[in-house]
*Asks:* 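Before anything else, here's the structure in question.
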Amino acid sequence: MAASGVKRPPRPAPASSGVRKLILALAVFLPALLYSQLQPPPPKICGSPGGPPITGTRTRLKDGRYLAYLESGVPKEQAKYKIIFVHGFDSCRYDALPISPELAQELGIYQLSFDRPGYAESDPNLASTEKSIALDIEELADNLQLGPKFYLMGFSMGGEIMWSCLKHISHRLAGVAILAPVGNYWWSGLPSNVSWHVWNQQLPQDKWAVWVSHHLPWLTYWWNSQKLFPASSVIAYNPALFSEGDKLLLSKFAFRTYMPQIRQQGEYGCLHRDMTVGFGKWSWSPLELEDPFAGGEGKVHLWHGAEDLIVPVSLSRYLSEKVPWVVYHELPKSGHMFPLADGMADTIVKSLLLGDQPPQAS
């Protein structure tokens, strides 16, 4: 009992009340913070307030999006052969296949290249699928009045898109050249030993980046923009990915004056969408495709460098063995960037258009 006349100190407020408020605040704040970190910023649409300027020629698609494009070679009205070129990862319409002016004039070649959605000056398509890009290409051809049939060539990630075009718009194609195509490790019909062999040829950080793109696509933006650990080495242009042959060609690719334009609308709408679609869940596989030129009216050519460190050749080798109607060209001493080698573009084009057998390439 307290002594008479001595006042007791007031009881402190229960600590649990303050703790509850703190926990409640954290329960609201932390998920909101996490959500904001995972969400990509909205794209900076070309021509919109605060967005990059429109400097190139564009065409409007039925859904309201615009595609920027570039024409080269002879005028299309005079062309005997009309080719649409589909660029690769982290590239744009200016990265068209470097066909020599002499060959273009000799054969009558018109080449159309375009910025894929989200790249450079083409509007992003944040709902893109492996099918939507094929339909974009068909609509682009119609907008520019290329006629009922045209040739297609695609490089790297654009090479993978060639399979989608063979699936969805084969009736519009006169012939196809697939150059160093990216592959999807989860395509149905791929034996596990084949997919695992190709998978294990990647750098560890790329295994994680690709795994996230397939299994946790909503995390792709954060994974490739955080600074806690290495993300995609392809996005970072890791020198370890370039073969000796590629290093000789880097001056033609790595120092492009237009590089700042490529990602100007934001990396999510171009690079990250490429990853989530290219490595995403497809409902079909190239192994299931039927020969689109069973009547002999065209050919599908598949080209790959044996020393490719960015997209290892193993998957193309397997596809060429299991898809007998593909004409396979393996370049024994070439890496990923072989289309940029002197004279190689002309060799690829003559093989596609004329059926010429290329010489033994190095």
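Counting from 1, the numbers follow the sequence of the chain as shown.
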*Asks:* Got a sec, which residues hit side chain to side chain donor-acceptor pair (under 3.5 Å) with Tyr237, two or more places apart in sequence or on another chain?
*Replies:* Asp90, Arg256
*Asks:* Just jot down the side chain to side chain donor-acceptor pair (under 3.5 Å) partners of Gln205, sequence neighbours excluded, or say none.
*Replies:* none
*Asks:* Do Arg317 and Glu330 meet the salt-bridge criterion of a basic N to acidic O distance under 4.0 Å?
*Replies:* yes
*Asks:* Between Tyr94 and His87, is the gap from one ring center to the other below 6.0 Å?
*Replies:* no
*Asks:* Please list all pairs passing the side chain to side chain donor-acceptor pair (under 3.5 Å) test where one or both residues lie in residues 147-157, with sequence neighbours left out.
*Replies:* Ser156-His336
*Asks:* With the threshold set at 4.0 Å, does a side-chain nitrogen-carboxylate oxygen contact exist between Arg116 and Asp274?
*Replies:* yes
*Asks:* Between atom CG of Asp206 and atom CH2 of Trp211, what is the distance when rounded to the nearest 0.5 Å?
*Replies:* 15.5 Å
*Asks:* Under the side chain to side chain donor-acceptor pair (under 3.5 Å) rule, what do Tyr221 and Gln39 come out as? Steps first, then yes or no, please.
*Replies:* CA-CA 7 Å; Tyr221 165 74; Gln39 295 304 301; over 6 Å; no
*Asks:* Working to the nearest 0.5 angstrom, can you tell me the gap between Leu319 CG and Trp163 CH2?
*Replies:* 5.5 Å
*Asks:* Please walk me through it: do Ser233 and Asn238 pass side chain to side chain donor-acceptor pair (under 3.5 Å)?
*Replies:* CA-CA 5 Å; Ser233 66; Asn238 188 329; 4.7 Å; no
*Asks:* Starting at CD1 of Ile99, measure out to CZ of Phe85 and round the result to the nearest 0.5 Å.
*Replies:* 9.0 Å
*Asks:* Is the shortest distance from a Lys or Arg side-chain nitrogen in Asp142 or Lys62 to a carboxylate oxygen in the other one below 4.0 Å?
*Replies:* no
*Asks:* What residues form a side-chain contact (heavy atoms from CB on, under 4.5 Å) with Tyr66, not counting sequence neighbours?
*Replies:* Arg58, Arg60, Asp123
*Asks:* For the pair Glu121 and Arg93, find out whether any cationic side-chain nitrogen is under 4.0 Å from an anionic carboxylate oxygen.
*Replies:* yes
*Asks:* When you check the side-chain N and O atoms of Glu138 and His168, is any donor under 3.5 Å from an acceptor?
*Replies:* no
*Asks:* Kindly compute the distance separating CD (Glu290) from NZ (Lys167), expressed to the nearest 0.5 Å.
*Replies:* 9.5 Å
*Asks:* Pairing donors with acceptors under 3.5 angstrom, does anything connect the side chains of Asn224 and Ser232?
*Replies:* no
*Asks:* Can you confirm whether Asn193 is buried at CG, in the sense that more than 12 heavy atoms of other residues, nucleotides or ligands lie under 6.0 Å from that atom?
*Replies:* yes
*Asks:* Are more than 12 heavy atoms from other residues, nucleotides or ligands located less than 6.0 Å from atom NZ of Lys82?
*Replies:* yes
*Asks:* Ignoring hydrogens and angles, state whether a donor on the side chain of Ser225 or Glu267 is under 3.5 Å from an acceptor on the partner side chain.
*Replies:* no
*Asks:* Using the side-chain contact (heavy atoms from CB on, under 4.5 Å) criterion, which residues pair with Asn200? Sequence neighbours excluded.
*Replies:* Trp196, Lys207
*Asks:* For His214, check side-chain contact (heavy atoms from CB on, under 4.5 Å) against everything at least two apart and list the hits.
*Replies:* Trp186, Lys281
*Asks:* Centroid separation under 6.0 Å, is that true for the rings of Trp222 and Tyr268?
*Replies:* no
